[in-house]
Amino acid sequence: MASSPSLHARRRLLTDDELDGVPWLRPLTADERDRVAPQLRIGDAEPGELICRRGRTATYWFGVVDGLLKMSTETADGHTITYSGLTAGGWFGEGTVMKREPYRYNVQALRKSLVAGLPVDTFHWLLDHSIGFNRFVMNQLNERLAQFIGTIEADRTPSPEQRVARNLAALVNPVLFPGVGEMLRITQQELAYLVGLSRQRVNEALKTLAAQDVLRIEYGGLRILDLSALRWRDF
């Protein structure tokens, strides 16, 4: 039986609405946008499909237009280390693309997701020619550093509530994931995958956070009521 076409083979041009949702296109000049927008491609990633594979050289800079991805790696003894969830509006892997090196992690779709890509050579052309793009990338790298510091803190805390809170704060970061807003579309099982706790323990932690008016559990996801508390409060 023939295998299904790869994500690369399924790619297409972005619609005007999809282009409007690409955050780094906004600070470009009209000429820069006209040059690079036609080079963007987008495709539907199926649940479980790998967008980036550890050891492979980067050929695109990727972004999540819609859906949920997981950035992770596996240890020599088969354990999975999850670095981050990737939600709507987020572009990732710029450090790898800048260095033109192989990926040191896997990025996998947790559900059906729309994933866009910009060719590496075009990414480097923008670095060489666009002040607005450079500012966007620098802001990304700075925010990413703060995110990973928070992730390390969350992984070392004995409090499941605090661990869930810090991970949620990362998933709704308005700089890294501007397409999310106040409503995070995520299931408790998906959150459990990202946090590294059981679904039952995540459910208990969410109820505790909801009781403190930090978030509200709604059909289809979580409404964030107090992002600052998720980031900084001890639970």
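Atom CD of Glu218 has more than 12 neighbouring heavy atoms from other residues, nucleotides or ligands inside a 6.0 Å radius. Atom CG of Leu141 has more than 12 neighbouring heavy atoms from other residues, nucleotides or ligands inside a 6.0 Å radius.
The pair Arg35-Glu32 fails the salt-bridge criterion, with no side-chain N (NZ, NE, NH1 or NH2) lying under 4.0 Å from an Asp/Glu carboxylate O. Ion pairing between a basic and an acidic side chain is recognised when a charged N comes within 4.0 Å of a carboxylate O; Arg12 and Glu18 show such pairing. A salt bridge between Glu94 and Arg144 is present, with a side-chain N of the basic residue lying under 4.0 Å from a carboxylate O of the acidic one. Checked for salt-bridge contact, Glu161 and Arg166 miss the test: no charged N lies under 4.0 Å from a carboxylate O. The pair Asp121-Arg100 counts as a salt bridge, with a side-chain nitrogen and a carboxylate oxygen less than 4.0 angstrom apart.
The aromatic rings of Trp61 and Trp91 sit tilted, their planes meeting at an angle between 30° and 60°.
With hydrogens and angles disregarded, a donor-acceptor distance shorter than 3.5 Å links the side chain of Glu49 to the backbone of Glu46. With Arg33 contributing its side chain and Arg26 its backbone, the two residues share no donor-acceptor pair below 3.5 Å.
A donor atom on one side chain and an acceptor atom on the other are found under 3.5 Å apart for Thr73 and Arg54. Side-chain N/O atoms of Thr15 and Asp17 include no donor and acceptor closer than 3.5 Å.
In this structure, the separation between CD1 on Ile42 and CZ on Arg10 is 12.0 Å, given to the nearest 0.5 Å. Distance check: Tyr105 OH to Arg53 CZ gives 14.5 Å after rounding to the nearest 0.5 Å. Here CG of Leu230 is found 11.0 Å from CD of Gln162. Values are rounded to the nearest 0.5 Å. To the nearest 0.5 Å, atom CG of residue Leu127 and atom CZ of residue Phe133 are 5.5 Å apart.
The minimum heavy-atom distance linking Gly117 with Tyr60 is given by the pair C-CD2, 3.5 Å.
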Self-check item: Audit row: Asn173, Glu143, side-chain hydrogen bond (donor to acceptor under 3.5 Å, both in side chains) steps and yes/no
Solution: CA-CA 9 Å; Asn173 184 306; Glu143 200 70 27; 3.1 Å; yes
Self-check item: Working for side chain to side chain contact (heavy atoms under 4.5 Å, CB included), residues Phe235 and Thr208
Solution: CA-CA 9 Å; Phe235 295 99; Thr208 298; 5.8 Å; no
Quiz item: Are Leu126 and Trp24 close enough, and set up right, to give a side chain to side chain contact (heavy atoms under 4.5 Å, CB included), and what steps lead you there?
Solution: CA-CA 11 Å; Leu126 283 169; Trp24 54 264; 3.8 Å; yes
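In this structure the side chain of Phe92 reaches within 4.5 angstrom of the side chain of Val64, judged on heavy atoms.
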